[in-house]
Amino acid sequence: MSDIARNLDQIRERIARAAESAGRRQEDIQLVAVSKTHPPETIREAIDAGQAVFGENRVQDALPKIDALPPETIWHFIGHLQSNKVRKALGQFALFHGVDNVDLARQMDRIAGELGFEARILLEVNVSGEESKFGFAPEALPAALEALIALPRLRIEGLMTMAPYAENPESARPHFARLRELRDALARTAGLPLAQLSMGMSGDFEQGIAEGATIVRVGSAIFGERPATPSN
Ligand SMILES: *Cc1c(COP(=O)(O)O)cnc(C)c1O
């Protein structure tokens, strides 16, 4: 068994246990294997180990990998999408986790219309208020959602956040709880299910699951440490 296959087994086991402790079903939590910086050969090992969904954060890095791997592989875009990449990205990614401004969303809607697609998106929220982070401020969400609901080619499926880096994974929990509360409030006022909560990475996915994550984005715990570059 490869290291990647073993890591995936362990992550799935931990997801199952975290789900059980939270009184949730494992099937309700989707694992996105974050494959950014890793080559197709490495991703193929994860596919061979039964992993179907992968996360990438740069369009130009992802496209050659998407071409090189089987067409049934499912790709999620987890990064900050630049407006000049929208057209290239739209048909390639099943879900966009990091939509963080209304102009970008409008552009995605317009181009999706031209191409005949729908774009499934999550709104990224800067729950912690850290200046270095992307995402809507929580206070800005109700107005943003109101503007976005009117866009016919967008399917707004939920919210995404990143907790601030911390030694102790438990410190992520209040941020994840806050995202869930924001979702609950928005879903009520907007009358949309906003069913997806994308929260939790290698260091804190169990805390995400405890607070209601339906998607966890796990990279280094599956593929090993990435070379350190600022945008990873
Ligand atoms: C890189 C990245 C991840 C995965 O991080 P790990 O700590 O390696 O699990 C998850 N989400 C986003 C948005 C990322 O950019």
Side-chain angles (χ1 to χ4, degrees), residues 3-15 18 29-39 42-43 45-46 49 51-62 65 74-82 85 89 92-101 104 120-136 157-173 175-176 178-179 196-232:
D3 283 350
I4 288 174
R6 195 169 358 206
N7 292 344
L8 271 168
D9 269 1
Q10 281 170 8
I11 299 293
R12 291 188 190 117
E13 177 62 33
R14 287 170 60 187
I15 290 173
I29 297 145
Q30 181 173 50
L31 171 62
V32 175
V34 176
S35 50
K36 64 188 182 195
T37 76
H38 298 290
T42 306
I43 302 172
E45 282 187 46
Q51 179 63 28
V53 187
F54 294 88
E56 290 280 332
N57 70 340
R58 290 187 190 181
V59 176
Q60 68 273 32
D61 293 345
K65 302 188 206 182
I74 297 166
W75 301 91
H76 286 193
F77 193 78
I78 60 166
H80 180 69
L81 186 60
Q82 290 168 308
K85 303 278 164 51
Q92 305 290 341
F93 295 95
L95 184 66
F96 290 85
H97 290 231
V99 177
D100 62 359
N101 71 80
L104 171 66
R120 296 171 53 212
I121 68 168
L122 306 179
L123 303 181
E124 180 167 359
V125 187
N126 185 356
V127 174
S128 64
E130 281 179 296
E131 272 182 31
S132 59
K133 286 220 163 22
F134 290 115
F136 287 101
E157 300 199 346
L159 305 180
M160 177 270 208
T161 200
M162 287 173 85
Y165 175 77
E167 285 290 326
N168 179 357
E170 283 300 314
S171 18
R173 266 187 86 147
H175 302 287
F176 295 155
R178 179 93 197 282
L179 193 74
Q196 305 292 352
L197 288 175
S198 170
M199 53 189 197
M201 324 203 307
S202 291
D204 55 19
F205 68 88
E206 283 140 324
Q207 285 72 24
I209 292 168
E211 294 297 344
T214 60
I215 304 177
V216 293
R217 311 176 308 268
V218 178
S220 49
I222 296 171
F223 294 110
E225 291 302 323
R226 291 177 294 275
T229 65
S231 59
N232 285 339

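Order of listing sets the numbers, starting from 1, for every ligand and every atom in it. Along the sequence shown, the residues carry numbers beginning at 1.
Between atom 2 (C) of ligand 1 and the options M201, H80, K36, E56, the minimum heavy-atom separation is to K36.
Close contacts between ligand 1 and V218 involve ligand atoms 9 (O) [criterion: under 4.0 Å to a heavy atom]. Close approach of ligand 1 to R217 (heavy-atom distance below 4.0 Å) involves ligand atoms 4 (C), 9 (O), 10 (C), 11 (N), 12 (C), 13 (C).
The N/O atoms of S202, backbone and side chain alike, include one that comes under 3.5 Å of an N/O atom in ligand 1. Taking distance alone, with nitrogen or oxygen atoms compared against 3.5 Å, G203 stays at or beyond that limit from ligand 1.
The heavy-atom pair separating V216 from M199 by the smallest distance is CG1-O, 3.6 Å.
For the pair M160 and R217, the minimum side-chain heavy-atom distance is below 4.5 Å. Counting heavy atoms from C-beta outward, L31 and V53 have side chains that stay 4.5 Å or more apart.
A heavy-atom separation below 4.0 Å is found between R226 and ligand 1.
With a 4.0 Å cut-off on non-hydrogen atoms, M160 touches ligand 1 through its side chain and not its backbone.
The pair R6-D9 does not meet the salt-bridge criterion, since no charged nitrogen lies less than 4.0 angstrom from a carboxylate oxygen.
Heavy atoms from other residues, nucleotides or ligands lying under 6.0 Å from CD of Q60 number more than 12.
Scanning for salt bridge (charged side-chain N to carboxylate O under 4.0 Å, His left out) contacts around E56 gives K65, with sequence neighbours left out.
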